[in-house]
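Written below as structure tokens is the structure these notes are about.
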There are 2 protein chains.
Amino acid sequence: MGARDTRSAIREAALRQFIAKGVEQTSLREIADEVGITKASLYYHYASKADLLLAIVTPILFVMRDVADVLDQAPHTADGIREVLRRYLIGLLNHRAEGSLFVRDASAMTATLGPILPELIEINRRINIWLAGPDAATESTIRAVAALEVLNTALSANAAVPQADDEELLRVLLDAAMGVLRL
Amino acid sequence: MGARDTRSAIREAALRQFIAKGVEQTSLREIADEVGITKASLYYHYASKADLLLAIVTPILFVMRDVADVLDQAPHTADGIREVLRRYLIGLLNHRAEGSLFVRDASAMTATLGPILPELIEINRRINIWLAGPDAATESTIRAVAALEVLNTALSANAAVPQADDEELLRVLLDAAMGVLRL
DNA sequence: GTCTATATACCGATAGAC
DNA sequence: GTCTATCGGTATATAGAC
């Protein structure tokens, strides 16, 4: 097995166990066991547990950057807002496994992800402010936070609504989030 | 300081640190230090870390039981649904500190809360099914999950929307959740 | 009830042979 | 790249004096 394959196998085993048991509840030995190597060999591929976790969740950072990049160009109209929400939701659906780590293990993320966490928080803040709109009334801000929460339902929908396919999740959650924003 | 006071002080210090740093990232020594006793003394009051965590989050179990108890009596009409959601949301607002542990540290909860977690999951499932209604179409189920997610926004609203008071959170989130359910 | 001291175990991480 | 062996640290939990 080449280096690329082993690295992938490590990330996949780690992601699976992180989701199943939690980040802190999963030791590097357990991950190595699943891959079929020793803990010391795992350290050859990833310098630390934080490094491994970072490699796993960076796709989420890219999704958020992608959304942030269109914020200033998108018109703050019903269609513009729907387009931003759609982009956010599609990104989550494409990376729901990695994304679910953030909601099921937010404490571990905060404790471990030094470099990228501030950027994620800042992007999230920007999206919230943009969604709330120029008036920035308290009610609008609450609705903006709640609308994103609706989209985050995509991360746990597989467990709660297994019969729903991605197209239906996209359509229903997008419509529900727009409703929360009263659009 | 009597036994009752020490026990309360332990729970309060633990809750504060669990929220600030996460359950797994908080050691019993750190909790004992904040209370001003030693770790060994803490063990006199709580038999284990799991025991302490259980004592902290049981109010949430009572809230959920309270909601579950009215499910079968409440009519499945707009008014009946609003009343169930209101009860759920008021319960969360009254115990948002304890409740936020479940969303920020769900993995630790799963790993630690043996006895009560199955009951919480079962109640959550019952509420979802009741909310989705007798048709149980996929879209209705998705909307039910998303509506509860909107209410859960109350748990993080203090950080995201500090200027919102509880009355406004109750009014806006309840309205938003009803909107998600198309009522 | 609180303490000091300790048992036991596992963790993340490293050294160095192959 | 993978291994064996180990370091240093901290965790939960317990024993027993006061």
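In what follows, chains carry the letters A, B, and so on, assigned in the order in which the sequence lines appear, proteins first and then strands, with residues in each chain numbered from 1.
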Closer than 4.0 Å, any side-chain N/O of [X] to the OP1 or OP2 of [N]?
X     : N      : value
A:Y44 : D:dT2  : no
B:T6  : C:dT2  : yes
B:T38 : C:dC3  : yes
A:S48 : C:dG12 : no

(message) When you compare the side chains of B:T138 and B:T141, does any donor N or O come within less than 3.5 Å of an acceptor on the partner?
(response) no

(message) What I want to check is whether the side chains of A:N152 and A:Y88 have a donor and an acceptor closer together than 3.5 Å.
(response) yes

Whole-Å distance between [N] [atom2] and [X] [atom1]?
X     : N      : atom1 : atom2 : value
A:Y46 : C:dT14 : OH    : P     : 17 Å
B:H45 : D:dT12 : NE2   : P     : 17 Å
A:L52 : C:dA13 : CG    : C1'   : 14 Å
B:I10 : D:dT12 : CD1   : P     : 14 Å
A:I37 : D:dC3  : CD1   : P     : 7 Å
B:D5  : C:dT2  : CG    : C1'   : 16 Å

(request) When you get a sec, tell me which of C:dC3, D:dT12, C:dT14 is the closest nucleotide to the side chain of B:Y43? (result) D:dT12

(message) Side chain of B:K49, heavy atoms from C-beta onward: which of C:dT2, D:dA13, C:dT14 has the nearest atom to it?
(response) D:dA13

(message) Using a strict threshold of under 4.0 Å (side-chain N to carboxylate O), is an ion pair present between B:D33 and B:R29?
(response) yes

(request) Salt-bridge test for B:R182 and B:E139: reply yes if a basic N is under 4.0 Å from a carboxylate O, no otherwise. (result) yes

(message) Quick check: on DNA chain C, is the nucleotide nearest B:G36 upstream (toward 5') of the one nearest B:K39, or the reverse? Name the residue that is more 5'.
(response) B:G36

(message) Please give me every residue in residues 21-33 of chain A whose heavy atoms get under 4.0 Å of an atom in DNA chain C, ordered by residue number.
(response) A:T26, A:S27, A:L28, A:R29

(request) State which residues pass side-chain hydrogen bond (donor to acceptor under 3.5 Å, both in side chains) with B:D79; sequence neighbours excluded, sorted by chain then number. (result) none

(message) Show every salt bridge (Lys or Arg N to Asp or Glu O under 4.0 Å) that has at least one partner inside residues 95-115 of chain A, sequence neighbours left out.
(response) A:R96-A:D166

(message) Measuring only between side-chain heavy atoms, which start at C-beta, is B:D72 closer than 4.5 Å to B:R126?
(response) yes

